[in-house]
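Shown next, in structure tokens, is the structure this report addresses.
Numbers restart at 1 for each chain; the letters A, B, ... are given by sequence-line order, proteins then strands. All values reported here derive from a predicted model rather than from experimental measurement.
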There are 2 protein chains.
Amino acid sequence: MSHADDASPSDRTRDALTAAHLYYMQDLTMDAIAHELHTSRSSVSRLLSHARASGLVDIQIRSPLDAPSRLEKEILDRFHVTAHVVPVPDNASDVDRLERVALSVARILGQYFDSNMTLGVAWGSTMNAISRHVTLKATHNSQIVQLNGAGNMRTTGLAYASEILGRFGTAFGAHVQQFPVPAFFDDPATKQALWRERSVSRLLEIQGRMNVALFGLGSPFSEVTSHVYAGGYLDEADYASLSDAGVVGDVATVFFRADGSTDGIALNERSSGPEFAVLRRTPRRICVVSGSSKLPSLHGALRADLITDLFLDEGTARALLESPLS
Amino acid sequence: MSHADDASPSDRTRDALTAAHLYYMQDLTMDAIAHELHTSRSSVSRLLSHARASGLVDIQIRSPLDAPSRLEKEILDRFHVTAHVVPVPDNASDVDRLERVALSVARILGQYFDSNMTLGVAWGSTMNAISRHVTLKATHNSQIVQLNGAGNMRTTGLAYASEILGRFGTAFGAHVQQFPVPAFFDDPATKQALWRERSVSRLLEIQGRMNVALFGLGSPFSEVTSHVYAGGYLDEADYASLSDAGVVGDVATVFFRADGSTDGIALNERSSGPEFAVLRRTPRRICVVSGSSKLPSLHGALRADLITDLFLDEGTARALLESPLS
DNA sequence: GGTGCTCCTGCACGTATGTTCATTGACAGT
DNA sequence: ACTGTCAATGAACATACGTGCAGGAGCACC
């Protein structure tokens with residue numbers, strides 16, 4: 001018996017594709033598919049897993065526009081951002097909350113990002129969680145650009161940031177543009193000088209043209225400190241100066257006050273993050289928040305008009321709406 | 001215990017939506033969802049069924065553009081239409097074939113049709129099969145327009161056509177425009193006269209502006225006769241004239257020859273179907289074929305440039321490619 | 001307040017699906 | 001040719017899922 005089985009390269013993909021067709025479009029059982037494909041049921045199960053994991057099958061949830069959740073509608077009315085409330089039980093732990101919001105975002109992100117686009121991503125525990133779940137989606141001529149440096153006194157941060165960026169990059173088949181600078185410079189002058197370097201200014205230009213920005217929120221003075229504040233990026237003096245300036249949070253290591261203002265916050269002069277003016281020029285600015293400890297920060301970010309699309313867990317959404325009018 | 005259960009109208013939808021989120025975006029098990037929603041696992045199963053059936057959950061299969069099936073690519077190269085090959089085992093019966101192709105089309109149709117659009121549909125066994133499976137998709141300000149009359153010597157055909165059209169209409173929440181005329185007039189003059197009536201010309205205008213046309217193929221001289229030829233629409237003389245004229249098939253009761261031409265086919269003067277010129281002005285023209293008995297007809301339709309998107313079963317696709325160059 | 005009706009629920013069962021594990025065959029290095 | 005590595009397979013098992021069924025809540029009609 002002469003085997004005609006030339007296991008061509010993307011042969012598995014081809015099979016996965018027809019299996020997916022048969023399963024999702026024709027409602028065949030895996031057993032039946034196994035029979036049609038002359039293989040075992042287990043293999044079909046695996047093929048389908050593969051199909052889902054590699055983005056061949058795309059499952060979307062489309063709210064019948066007349067019925068967005070009450071919370072999402074109210075947030076739109078009051079803050080003028082498109083909210084996506086992620087259902088999470090109130091008794092969930094903070095890590096659960098983060099993980100589940102991140103998973104949801106990762107699944108939906110593909111709807112915002114496509115070929116020929118540039119995605120700016122920050123780093124931090126939120127971004128890290130998201131990056132660990134992004135689902136594959138093939139794109140062409142697209143790139144991921146790092147929004148702010150991750151170096152600090154102990155490390156260049158390259159490994160950490162590159163890990164996050166890399167996951168986005170491979171998921172989308174996109175080119176990754178790293179930003180190998182410290183999160184904060186010691187001397188603003190150094191930043192100015194470096195910003196004039198062609199290698200850096202090239203990257204800044206890419207940032208300036210990005211189509212989608214994805215970021216979490218930092219909240220320096222909340223119980224649960226974010227990655228930035230735990231990682232040795234700031235010293236006591238820095239911290240004090242933030243407190244004095246009335247800072248409530250940051251986006252990509254750029255700080256802001258409760259009213260959304262940033263003027264006169266000294267640390268921003270030394271930050272590697274994008275000026276908010278740049279961010280505001282980005283058509284889609286996706287902010288991911290989980291856990292109500294970041295509420296003050298979120299209020300500031302909303303005031304500062306940094307957000308067009310907001311992902312948050314149910315509890316935080318409720319808390320946001322219960323807080324005083326703004 | 002005071003029940004706060006005010007079973008609001010679209011409360012079920014709301015629940016279905018969160019259940020879908022939890023299931024498809026967060027990969028929770030139905031058990032876990034049941035727990036979070038304070039209900040039983042079975043109810044969650046039903047909620048999810050509901051979510052899928054009512055189009056809240058949308059499952060798409062996206063071929064990673066670099067790997068369309070070999071057949072689809074070859075068809076594109078040779079005939080310049082986007083083919084969608086539906087995998088069907090070669091030993092499947094003709095009804096199976098039709099049913100499975102129809103199911104696939106029904107599932108994918110939502111990707112072609114949206115709000116503010118007009119969909120023209122023909123009738124016949126293929127259309128009937130598709131209509132029985134169309135999945136819900138909410139649209140606004142859209143309409144379904146009947147392409148050709150269905151009346152014959154025995155019936156107005158209204159019930160039959162309206163059944164088909166109606167299913168599309170309810171699936172998309174679209175307004176249905178029926179076409180209450182016979183499939184074929186006895187006297188061309190009657191047709192001319194009627195075509196000048198405002199009620200009819202209004203409908204013809206709608207046809208002229210449709211965004212998507214959906215139709216099967218008729219093949220008068222194949223073993224398996226289509227609905228048109230079995231239903232008493234044509235008499236012996238008509239049949240003979242078609243044969244004499246070298247007709248190989250029809251689209252919406254408008255006939256054509258193997259080379260795609262229609263000139264001088266007398267019956268067309270009496271047909272209620274849209275002139276091919278009208279059809280060709282329609283941006284998307286989706287043709288559904290199952291079973292290789294319709295191959296000659298398909299060839300003609302391709303020559304006549306009636307098709308932009310072609311759905312067919314695997315066997316027919318192979319047969320199409322094996323036939324002589326065209 | 002009954003009666004019949006429909007719709008919804010949770011249980012229990014059988015089936016469909018995911019996953020572990022031992023086996024196999026292909027391949028590269030020696 | 002031997003051997004270790006690796007990916008892929010199907011059998012067997014454990015789990016998750018769909019659905020028929022009986023009971024109960026709501027509601028209209030007498």
How long is the line joining [atom1] of [X] and [atom2] of [N], in whole Å?
X     : N      : atom1 : atom2 : answer
B/R46 : C/dC7  : CZ    : C1'   : 11 Å
B/L47 : D/dT19 : CG    : P     : 14 Å
B/H50 : D/dG18 : NE2   : C1'   : 17 Å
B/D31 : D/dG18 : CG    : P     : 12 Å
A/L48 : C/dG18 : CG    : P     : 7 Å
B/Y24 : D/dA16 : OH    : C1'   : 13 Å
A/L28 : C/dT17 : CG    : C1'   : 15 Å
A/M30 : D/dG10 : CE    : P     : 15 Å

B/N128 versus B/Y160, side-chain donor and acceptor atoms under 3.5 Å: no
Looking at [X], I'd like to know whether one of its side-chain N or O atoms comes within less than 4.0 Å of OP1 or OP2 on [N].
X     : N      : result
B/S45 : D/dC17 : no
A/R41 : D/dA12 : no
B/S40 : C/dT9  : no
A/Y23 : C/dA16 : no
A/T29 : C/dA16 : no

Aromatic plane relationship, A/H84 with A/F311 - under 30° parallel, 30 to 60° tilted, over 60° perpendicular: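 Parallel: the ring planes of A/F311 and A/H84 meet at under 30°.
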Ring geometry between A/H35 and A/H38 (parallel below 30°, tilted from 30 to 60°, perpendicular above 60°): tilted
Under-3.5 Å donor-acceptor pair between B/S42 side chain and D/dC17 base: no
Touch class at under 4.0 angstrom, heavy-atom based, for A/T39 against every strand present: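 It contacts sugar-phosphate atoms only.
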Test item: B/T170 side-chain N/O and B/G166 main-chain N/O as donor-acceptor pair under 3.5 Å: yes
A/D90 with A/R318: basic N within carboxylate O range, under 4.0 Å: yes
